[in-house]
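As C-alpha cells, the structure follows; a few thoughts come after it.
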Amino acid sequence: MTVTLPDGKALTFPRGVTGNDVAAAIGPGLAKAALIVELDGKEWDLFRPIEQDANIRIITRKDEKALELIRHDAAHLLAMAVQDLFPGTQVTIGPAIDDGFYYDFARAEAFTPDDLPKIEARMHEIVRQARPTRREVWPRDKAVQHFKDIGESFKAELIASIPSNEDVSIYWHGDWHDLCRGPHFRTTAEIGDAFKLTKISGAYWRGDAKNAQLQRIYGTAWRDKKELDAYLTRIEEAEKRDHRKLGREMDLFHMQEEAVGQVFWHPNGHTLWRTLENYIRRRVGEAGYNEIKTPLLFDRKLWEQSGHWDTFHQNMFIAEVEDEGRTLAVKPMNCPGHIQVFKQGTKSYRELPLRLAEFGSCHRYEPSGALHGIMRVRGFVQDDAHIFCTNDQITGETKSFCELLLRAYRDLGFDSVKVKLSTRPEKRIGSDAVWDLAEGSLEKATRAAGLDFTFNHGEGAFYGPKIEFTLTDAIGREWQCGTLQVDFNMPERLGATYIGEDGNKHAPVMLHRAIVGSMERFIGVLIEHYAGKFPLWLAPVQVAVATVVSDADAYAGEVVAALKAAGIRTVLDTDNQTVNYKVRQHSLAKTPYLLVLGRREAENRTVTVRKLGVEKQESLALDAAISMLCAEAVPPDLR
RNA sequence: GCCGAUGUAGCGUAGUGGUAGCGCAAUCCCUUGGUAAGGGAUAGGUCGUGAGUUCGAUUCUCACCAUCGGCACCA
C-alpha cells in the first residue's frame, strides 16, 4: 500500500498502517508533533488504520488547521469536565467556532459564573491525565438504545437523525465517551493548556426557539499561551472601542428607560450624524436620486395590502385613534410610502428608472433581547431609496448601485466588503415563477457588477431576493450594512403602474436599496471602527484651541472666530489649567487637532499645532494653519 | 421573547440589617503654568421601581423595569 506525501514522495506500508506509523517513519519529531492526518483531504485519526492508497498530509500544531481541531477536542474536554463535576448533566453538541468552541448541556440547575473556573480546572486536570482516545463504530440501533439507556436523550435523537449511509462513530477519551464524527487527538494531553472558558448562555436545542432551552458554555482555545493572550488582549481592545462607552465619553448620545431602543443624539453625535447624512445626500444626489419625505403613520389597510401586516404586525407600533375608530401603524419601512409617491400622476416608461430616496425614520418593535446600544434599536433612520424600473434596467441599476456603495464605503474608511445573495425564504409572497425571475435577474446583475458573492439560501425578504453587503472594520469584525433587494411583488400589490412603449399599463420592478442601512447602526460601526478617532471631516469637534496663559485669551478668541468662519468645528478652552492638563483632556476627548496659544503665539500671530496621537508640535502662521485644516476637513466626495 | 448576570452621585467604583464612602468630573479660591492629571475648599445620593419580611431594608424575599452576555428574531 502506498501513501504519497505532500512533496510527492511515495512510501510503502502494509495495509492497516496508522498515521502514527507513517509519521514515525518520517521522523520522531513529526511523530511527536502530529495531531491528525489527512487522507486525500479527509481528516483521519492518527491511531485509525489506513486501508487504501492515499495522499497523506500530517497535521501538526503549527498547521493553520490545528486550531479547529484543538477547539473540537477542547469541546469534548469541556463536556468531560462538566459530566465529571455535574453528574446527570446531558451532553448535546459542541462544535468549534471562530476563536473557540462551545458545548450545549441539558441540566435542570443553571450553571453559574462561579462554575467556570471549577470546570476549567478540571479540564486542565484531564489534559494532564492524557486520557487516550479510541474510536468505535456502532450499529445505529445499538447506539440509539445505549444513549437512551444512559439517559442521554438528546444524543439518541441526534443519532437517529444521522443518514443511514453514515457510520455511527463513538469516541472514547479514557472511560468517557461521546457520539462524534471525529477526528480526535491521540490523547487529551495534545489539547494543550491555551484555553479559557468565557461565558455561559442559554441556547435552543437545534437552534429552534420552539425547542427546549439548553445551557451553552463558551470557551476560547489556541495553539499556545501566546496566542491565547493575544486573543484576550484583542477582546480587551474591542471593549475599549465599544460605541456605548465612547458615545458617553465623547458626549455623542445617550439612551434611557423612557425611550427604550431609541437614541438621544447630543450636539456632538448629531454633528456626526449630519456630516454622514449630508455626505450620503450628495453622493445619492449625484447618482440621480430624488430625495423625498413621507409620513410616519399609515392606515393599517396599507400594511395589509403590502403584506407587512401579515408577516410583521406583532413587530409594529400601533396607534389607535379613538375618534376615527381606525388603526394606524408607525412605518417599519419606507417602501409603501414611496410607492404612494410613485403612484401620483401617470408615469411613463420614459421616466424610468425613477429613483426615490429618503432618510426614512422607521420604528420596529424589536424583541427586547435583540436591543444592543445604537447598533440594534427600535427607532432608526434608513438611508433608503427605491428604484422603480423596467426588467431591462435591473442590471444597469444594480451595477451603478454597487459602485455607489463601494465608493461610499471606501470614503468612510472601509475597504473590505463581502457580498451575499439571499434567495427565497419559506414565508413569502408571489409565485415561484416571479421568484425565479427575480433571483435570476439579481444574480445576473450582481455578476455584471463584477462582485464575488456567496449564497445565503432561504434568507431573502418576503417580497424578493436580496444582496447584502458586509464590511470589515479595523479590528476584523464584520458588519452587515448595505442591501439591495429585487421586488416584483410590492408594486403590483399596491397598484403602481407605468405606461409602457406599447401604451399599456405595466407594474414596474422595484429595487429596495440602502448603503449604510440604519444610520444609528452605521454610526455605531464608525465609532468602533475608528475607536472614536474620526478622520477630520467626520470628527464632531475638529479643533480645540487652548490657552497657556490668560494673556492669550483675546487672541484665542480671534483664532476660534477665524476657524469657525472657515467652517471648522472648534471649541475654545481658556480654563484656568495647565497645558499638560489641557493636552490630556483634549487627547482623551479624541479631538483631532489641538492649537496651543501662549504669549509667543499671540505676539507673532501663530498657532502651535498638535495632532492627536502625535507628540511633535508644529508652529504655523494662523492663516497657514487654517488653510491646512480646511484642506484636510473637506469631505472625500468634495476633494 | 428565552436563559443567566447586573442596577449605589454625571462617570468609574467601595460597602453594610441601624438612613452610605472613595476617585474623576462639577462649583469656588489659590496658582498664569509651554504639550497626557498643580494645590486647597465646597456641593452633589429617597442605593433602578413597587410590594413584602423586620422595631428598622440600600442590604433579605418577591414582582416589575432597564441594562449587559448569549440564544432566538431582524421586512
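Just the heavy atoms: all of them, side chains too, but no hydrogens, waters or symmetry mates, feed the values below. Naming convention: chains lettered A, B, ... in sequence-line order (proteins, then strands); numbering from 1 in each chain.
Comparing the same atom, C1', in B/rA51 and in B/rA57 gives a spacing of 13 Å after rounding to whole Å. Nucleotides B/rC30 and B/rG18 are separated by 44 Å at their P atoms, to the nearest Å. With both ends at atom C1', the span from B/rU13 to B/rA25 equals 14 Å, rounded to whole Å. When the C1' atom is used for both B/rU19 and B/rC24, the distance is 26 Å, rounded to whole Å. Across the P atoms, B/rU27 and B/rA75 are found 48 Å apart, a figure rounded to whole Å. When the P atom is used for both B/rA26 and B/rC68, the distance is 27 Å, rounded to whole Å. Remark: the separation of the P atoms in B/rG56 and B/rG44 is 29 Å, to the nearest Å. For B/rU61 and B/rG7, the P atoms lie 13 Å apart once the distance is rounded to whole Å.
The CD atom of A/Glu239 sits 13 Å away from the P atom of B/rC68 (whole-angstrom rounding). For A/Leu246 and B/rG12, the CG to P distance is 13 Å, given to the nearest whole Å. For A/Asp114 and B/rG4, the CG to C1' distance is 12 Å, given to the nearest whole Å. Atom pair A/Asp115:CG and B/rA5:P shows a separation of 11 Å (rounding to whole Å applied). Between A/Gln617 atom CD and B/rU35 atom P there is a gap of 7 Å when expressed in whole angstrom units. At whole-Å resolution of the value, NZ in A/Lys245 and P in B/rG12 are 10 Å apart. In this entry the distance linking CD of A/Gln215 with P of B/rA5 reads 10 Å, nearest Å. Whole-Å rounding puts the A/Asp573 CG to B/rG34 P distance at 16 Å.
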Grab the N/O contacts between the protein and nucleotides 25-28 of chain B below 3.5 Å, and write none if there aren't any.
residue, atom, partner, partner atom, Å
B/rA25, OP1, A/Tyr581, OH, 2.7

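The partner of B/rA43 is absent, by the rule that a Watson-Crick or G-U pair needs both atom distances under 3.5 Å. With a cut-off of 3.5 Å on both Watson-Crick or G-U wobble distances, the partner of B/rG50 is given as B/rC62. Base pairing analysis places B/rG23 opposite B/rC11; the two distances defining the Watson-Crick or G-U wobble pair are each below 3.5 Å. Remark: B/rA5 base-pairs with B/rU67; criterion is Watson-Crick or G-U wobble with both hydrogen-bond distances under 3.5 Å. Partner assigned to B/rC55 is B/rG18, using Watson-Crick or G-U wobble distances below 3.5 angstrom. B/rA75 makes up no base pair with any nucleotide shown, lacking Watson-Crick or G-U wobble contacts both under 3.5 Å. Under the Watson-Crick and G-U wobble criteria, each requiring two contacts below 3.5 Å, nucleotide B/rG34 is left unpaired.
Using a 4.0 Å cut-off on heavy atoms, the residues of residues 590-600 of chain A that approach RNA chain B are A/Val596, A/Gly598, A/Arg599, A/Arg600, listed by number.
When the side-chain nitrogen and oxygen atoms of A/Ser550 are compared with OP1 and OP2 of B/rU32, none of them lie within a distance under 4.0 Å. In this structure, A/Asn580 reaches the B/rA36 phosphate: one of its side-chain N or O atoms is under 4.0 Å from OP1 or OP2.
Shown here for A/Met628 and A/Leu620, the closest heavy-atom pair between the two residues is CE-CD1, 4.1 Å.
Contact check on A/Asp436 versus A/Arg424 returns a salt bridge, with a Lys/Arg side-chain nitrogen under 4.0 Å from an Asp/Glu carboxylate oxygen. Electrostatic pairing of A/Glu618 and A/Lys611 does not count as a salt bridge here, judged by no charged N lying under 4.0 Å from a carboxylate O.
Within 4.0 Å of A/Thr547, counting heavy atoms only, lies no atom of the nucleic acid at all. At a threshold of 4.0 angstrom between heavy atoms, the contacts of A/Ser368 include nucleobase atoms, whether or not backbone atoms are also involved.
Centroid-to-centroid, the aromatic rings of A/His386 and A/Phe342 stay 6.0 Å apart or farther. Ring pair A/Phe101/A/Tyr103: centre-to-centre distance not below 6.0 Å.
Environment of CD in A/Glu258: crowded, with over 12 heavy atoms of neighbouring residues, nucleotides or ligands closer than 6.0 Å.
Rounding to the nearest 0.5 Å places NE2 of A/His338 at 3.5 Å from CD1 of A/Ile292.
Contact of the A/Phe534 side chain with the A/Met250 side chain is registered, since non-hydrogen atoms from C-beta on lie closer than 4.5 Å. Side-chain contact between A/Leu78 and A/Tyr218: absent, with no pair of heavy atoms (C-beta onward) separated by less than 4.5 Å.
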Practice item. Sugar-phosphate atoms are those with a prime plus P, OP1 and OP2; base atoms are the rest. Using that split, label each nucleotide of nucleotides 69-75 of chain B B, S or - for protein heavy atoms under 4.0 Å, 5' to 3'. Key: BBBBBBB
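Note on ring orientation: taking the six-membered ring where Trp is involved, the planes of A/Phe105 and A/Phe111 are perpendicular (angle over 60°, cut-offs 30° and 60°).
In terms of polar N and O atoms assigned as donor or acceptor, the side chain of A/Glu249 never comes within less than 3.5 Å of the base of B/rG10 in a complementary pairing.
Comparing A/Val549 and A/Arg248 along RNA chain B, the residue whose closest nucleotide (by nearest heavy atom) sits nearer the 5' end is A/Arg248.
In the model, A/Thr294 has a side-chain atom that pairs as donor or acceptor with a side-chain atom of A/Glu358 under 3.5 Å. There is a side-chain donor-acceptor pair under 3.5 Å between A/Glu157 and A/Trp205.
Checking B/rG33, B/rA36, B/rG1 against the side-chain heavy atoms of A/Thr578 singles out B/rG33 as nearest.
Cation-pi geometry between A/Lys427 and A/Phe462 is not met: the NZ or CZ atom fails to fall both under 6.0 Å from the ring centre and inside 45° of the normal.
For the pairing with A/Tyr593, the side chain to side chain donor-acceptor pair (under 3.5 Å) check across A/Glu632, A/Arg610, A/Gln542 returns one residue only, A/Glu632.
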